[in-house]
Amino acid sequence: MSGPSVSITLYGEEAQRFKEIAEEVEEVSGFTPSNADVARELMREFDEREYRR
């Protein structure tokens, strides 16, 4: 896939929470998600909340 690319690094409590979310995604999906899979799931959840300011 060509186009924009983004990389992030999390530390401390944020990294721990991301790992916890990854474990939850694994429990639901039945496979070990990549970091990109977890980020996609978080974005999907964000979009479903229909944030409006």
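Each residue takes its place number in the sequence, starting with 1.
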May I ask you to say whether Glu48 pairs ionically with Arg44, meaning some side-chain N is under 4.0 Å from a carboxylate O?
yes

Please name all residues satisfying side chain to side chain contact (heavy atoms under 4.5 Å, CB included) with Glu27, sequence neighbours left out, ordered by chain then number.
none

Which residues share a side-chain hydrogen bond (donor to acceptor under 3.5 Å, both in side chains) with Thr32, sequence neighbours left out:
Glu26

Taking every non-hydrogen atom, the tightest pair across Ala22 and Pro33:
O-CG, 3.6 Å

Going from CD on Glu13 to CD on Glu20, what distance comes out if it is rounded to the nearest 0.5 angstrom?
10.0 Å

Which residues share a side chain to side chain contact (heavy atoms under 4.5 Å, CB included) with Leu10, sequence neighbours left out
Ile8, Glu14, Ala15, Phe18

Set of salt bridge (Lys or Arg N to Asp or Glu O under 4.0 Å) partners for Arg40, sequence neighbours left out
Asp37

Side-chain heavy atoms under 4.5 Å apart, restricted to Ile/Leu/Val/Met/Phe/Trp/Tyr: what other residues fall into the cluster of Met43, or is it alone?
none

Basic-acidic side-chain contact under 4.0 Å: Arg17, Glu23:
no

Are Val6 and Phe46 joined in one hydrophobic group, where the rule is that I, L, V, M, F, W and Y side chains link up if heavy atoms are under 4.5 Å apart?
no

Looking at residues at least two apart in the chain, or sitting in another chain, which of them share a side chain to side chain contact (heavy atoms under 4.5 Å, CB included) with Thr9?
Tyr11

